[in-house]
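Structure, as C-alpha cells:
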Number of protein chains: 2
Amino acid sequence: MGMENVSGSSGRRVKRAGIRDVARLAGVAPMTVSRALSFPHRVSIETREKIAAAIAATGYIPNRVASNLSSNQTMTIGAVIPTLRNSIAADFTEGFSRALKARGYHLLLGNSDFIPEGEETIVAEFLARRVDGVYLTGATHTAKTRKMLRDNAIPTVEIASLPEDPIDMAVGFSNFDAAYEVTRMLAEQGYRRVALFTTFTKDNERQVERQAGYRAAVRDFGLDTDPRFVAELEMDLKAAGRQLRVLVGERPDVDALFCTGDFIAAGALFEAQRLGIRVPDDLAIAGFEGLEIAENLNPSLTTVRIPRFEIGSRAGTMLLDRIAGKDVEQRVVDMGFEIIKRGSTATPATLRRETAS
Amino acid sequence: MGMENVSGSSGRRVKRAGIRDVARLAGVAPMTVSRALSFPHRVSIETREKIAAAIAATGYIPNRVASNLSSNQTMTIGAVIPTLRNSIAADFTEGFSRALKARGYHLLLGNSDFIPEGEETIVAEFLARRVDGVYLTGATHTAKTRKMLRDNAIPTVEIASLPEDPIDMAVGFSNFDAAYEVTRMLAEQGYRRVALFTTFTKDNERQVERQAGYRAAVRDFGLDTDPRFVAELEMDLKAAGRQLRVLVGERPDVDALFCTGDFIAAGALFEAQRLGIRVPDDLAIAGFEGLEIAENLNPSLTTVRIPRFEIGSRAGTMLLDRIAGKDVEQRVVDMGFEIIKRGSTATPATLRRETAS
DNA sequence: CTATTGAATGTTACCGGTACCATCAAAGGC
DNA sequence: GCCTTTGATGGTACCGGTAACATTCAATAG
C-alpha cells in the first residue's frame, strides 16, 4: 500500500513511492503532503521542508491519474486537428498550446484526417478521458459530436471559422469576406477573368466559404463566370501546377488566379515560370494564409494574412477562462484578416498602358 | 455514488451515470459491465445486450481516468516536439500518431522550443501522468531527463538521430553521413568552394552532425575551408536570403551552397534569383529534408530525402511493441536517407565546358 | 450417478490521491 | 479572562473503475 508497481527493465517489479510513504517518512499525514504540493502556503515552512526532504529521499512522483480522479479535473484539453502536416493548423495549435502551458494545462491530440466521423470517435474518447475542454478545427461536425459536447457541458472552442451556431465558443475570421475582398481587389485592379483554385470543399466549410466569397464577388463585379475557372484540388504544389496547365489550355486568356492557400499559389507560380507565363504581367496570382514563403517568392505573393498564432492563443485563453468559470462575453470572436498586396498582383499591363497614355 | 458531477451550462450540477448505475439497470454486477466493455466475448450475448441497452439508456460514458488508475496503464504516450511549426517534426509526429491510433493509444503533446530544460519539465509531467511511453525529438537531453526515464523504466524512443547511447530506443538516420554525402557529391561534380547554411546548432545534435559531416567531406575532398563559408541562421527564408547576400559579398567566387533545410535552401534560391545569380550556373544549391516544395522550385532542388513519415511510424510500432512486452531486437534503427539530384546542382558550367571540348 | 471442468457472473478490496470536516493550539477582541 | 477567529494538521470516506479470487451451475467425463 502506498507503493506503485513499476516494471523494471530487469523484469522484476519495483514499488514506487506514494504519498503515504512520503507522509510516513516526513512524520505527517498524507493530506498534509498533498497540501504541501498543491497549496504550499497552507503548510508551515518547517513541515514543508520535512516533506521536501522526504520527497527527495523517496524519489516520489505524484500520480496525476489518481489526483485527476479524486479532484474530478484532468488539466487536459483535447484537440482535434485534421492533420499536423499543414502549416496553418500547426500555427493555430502552437498558439493554443502556449496559452495552455502558461496555465498548467496539457494537450491531448487527435487527427481527424478531415473526416467528421473520425472527429466524432476522437471526441468520444476525449470525453471518456474527462478532458476539461475541447478544441476543434473548423465548424463542420457531426450531429453526434455536437450533442455529446453540449449534453456533457464540455467547454469547447472551434477554430478558424465564424459559425452561426457554435457548439460553445469560436475564434476565427470570415473566410467568405476574405475571399470576397481578394476577388474584389483583383476586380478593382482591372482583372476580368479571375480563376479560383481551392482545396477540396467536402466537409471543409472554410473552403466552401472561400469559394462562396469568390463567387459573390465575381457576380457583384461582373467578372467572367466560366465554370472552368473554378477548380478543387489536393493541397499539393504539384497538383496546382497540373491544374494551371489545364486552366491555360482551356482559357488562355485568364488574367488572374486566386488560390485559397499559399502553397497552392506557390505551385501555380512555379509552373507559370516553367511555362513562360509572366507573373503578374500575363497572369496575376494571389494566395491565402500569409505564410512566410509568400513574401519570399519572386514575385512576392499577394496573400491574406490570417493571425494564425493569435487565433490559437486567444482560443486558449477563452477556453481556460470558461473552464475557470469566468463569464465569456463574446462566444464568437472575429480575429479578422489582412490583405497584403505584393508583386504577384500588380496592376495588369493592359491597364498600365491605358493609365500611362 | 455511481454518479459523477457534471457542471451543467446552467450552473446546476447533474450526476453522470457510472458503471454501477448501468449495472443496476441491467440487473448485473458492475464487474460484468466492465467485462462486457473490455472483453465482450467473456460475457453471454443476452447479458451483453441488456448491458448495451442500459448504457444507451443512461448515456454512460466510461471514465478512463478511473480505469487508468485501477489498471495502472493510461494508453497514452507523451511526445516532446521542439515546435509544431516545423514540417519535418510534424511529419514524424504524424507517422507516429497513426501507429498509435491503430493500437488504441493516444498522444499527449509538449513543446520544448528546442530547450532541453523545457523538455525536462515536460517529461516530469509525463511521468506524473503515468504515460505508458515517451517520444523525444533528437538525442540531446538533460542528464535528469535521461535519469528519470531510465529509473522509472519508461519505454522511450528518440527520433531523428542515431545516438550512441540511447535512453532506450531510437529511430533515425545518420545526419553526419547524409551531409557528408551531399558535400561529396558536390565535390565530385566539380564544385570547390562549397558554403554551408545550417540552423542553430545549440542543443541540436542533428545540426551539429550535419555540420560535422560537411566539414569532414570538405577536408577529405580538399575543398576550400574559408570559415566564412559556414553560417548558422534562423530557420527562416528571409534569414537565408540575408545570409546569401553576406556570403556573395565576402566570397563572390562561392560556387555551391549546401543548406541543411529545404526552406533555407528555398530562401537562398529566391534571393539568388533576385540578385541575378543563376542557379546552378553561377551557384549550385542543395537542400535537406526532401520536402514537397523542393521538387517544384525552379530549378528543382537537389535534396536529401528523409523517410520522415516512416521514421515516425516505425518509432510508434517499436514503442508499442516494447510496451506490450515484446523483445525489441534492435534498439537503434537506421532508416537511411536518399540523395535526390535535381537541377539546382547540375554539373558546373566550367566543367561542362571542359567536358564538351 | 458423482466428480470434474469451464463458462458466466459476483464479491471484495484496492489503485493513489483529495474533498470535507474535525481537531487543536495560538492569537486576537472586548 | 473568556470567547471567537485563524492557521496548521489530521481522519475518513470516496472518486469510478478493475484485479484477483470466489461462486454458481450446466455440461462432460468416468
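Numbers restart at 1 for each chain; the letters A, B, ... are given by sequence-line order, proteins then strands.
Among the nucleotides dG17(D), dT18(D), dG17(C), the one closest to the side chain of N63(B) is dG17(D). Distance from the side chain of S70(B) is smallest to dT18(D) among dG17(C), dT18(C), dT18(D).
A straight line from CD of Q73(B) to P of dC15(C) spans 17 Å, rounded to a whole angstrom. The CZ-P distance, from R42(A) to dA19(C), rounds to 12 Å in whole Å. Distance CD1 (I19(A)) to C1' (dC15(C)): 14 Å, rounded to an integer number of Å. Atom-to-atom, OH of Y60(B) to C1' of dG16(D) comes out at 8 Å; the value is rounded to the nearest Å. With rounding to whole Å, M31(B) atom CE is found 10 Å from dG10(C) atom C1'. Rounded to whole Å, the distance from CZ on F39(A) to P on dT9(D) is 15 Å. Atom NZ in K50(A) sits about 11 Å away from atom C1' in dA8(D), given to the nearest Å. In this structure, the CG atom of L69(A) is 12 Å from the P atom of dA19(C), given to the nearest Å.
Contact record, V131(A) with L108(A): CG1-CD2, 4.3 Å, taken as the closest heavy-atom pair. Nearest approach of V134(A) to L136(A), heavy atoms of both residues: CG1-CD2, 3.6 Å.
Nearest-nucleotide positions on DNA chain C place E46(B) closer to the 5' end than the other of P30(A) and E46(B).
Judged by atom type and distance alone, S67(A) does not reach the base of dG17(C) through any side-chain donor-acceptor pair under 3.5 Å. For R20(A) against dG17(C), a side-chain-to-base donor-acceptor contact under 3.5 Å is present.
Within the structure, every side-chain polar atom (N or O) of S71(B) is placed at least 4.0 Å from both OP1 and OP2 of dG17(D). OP1 or OP2 of dG10(D) sits under 4.0 Å from a side-chain N or O of T32(A). Residue S44(B) places at least one side-chain N or O closer than 4.0 Å to OP1 or OP2 of dT9(C).
Within 4.0 Å (heavy atoms only), V65(A) reaches no atom of the nucleic acid at all. Among the protein residues, R35(A) comes within range of the nucleic acid bases, having at least one heavy atom under 4.0 Å from a base atom.
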Hey, mind stepping through E120(A) and K144(A) against salt bridge (Lys or Arg N to Asp or Glu O under 4.0 Å) and telling me if it holds? CA-CA 7 Å; E120(A) 184 178 302; K144(A) 198 169 157 210; 3.8 Å; yes
Apply side chain to side chain donor-acceptor pair (under 3.5 Å) to the pair T74(B) and R64(B), showing each step before the final yes or no. CA-CA 8 Å; T74(B) 54; R64(B) 287 285 138 75; over 6 Å; no
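No more than 12 heavy atoms of other residues, nucleotides or ligands sit less than 6.0 Å from atom CZ of R42(B).
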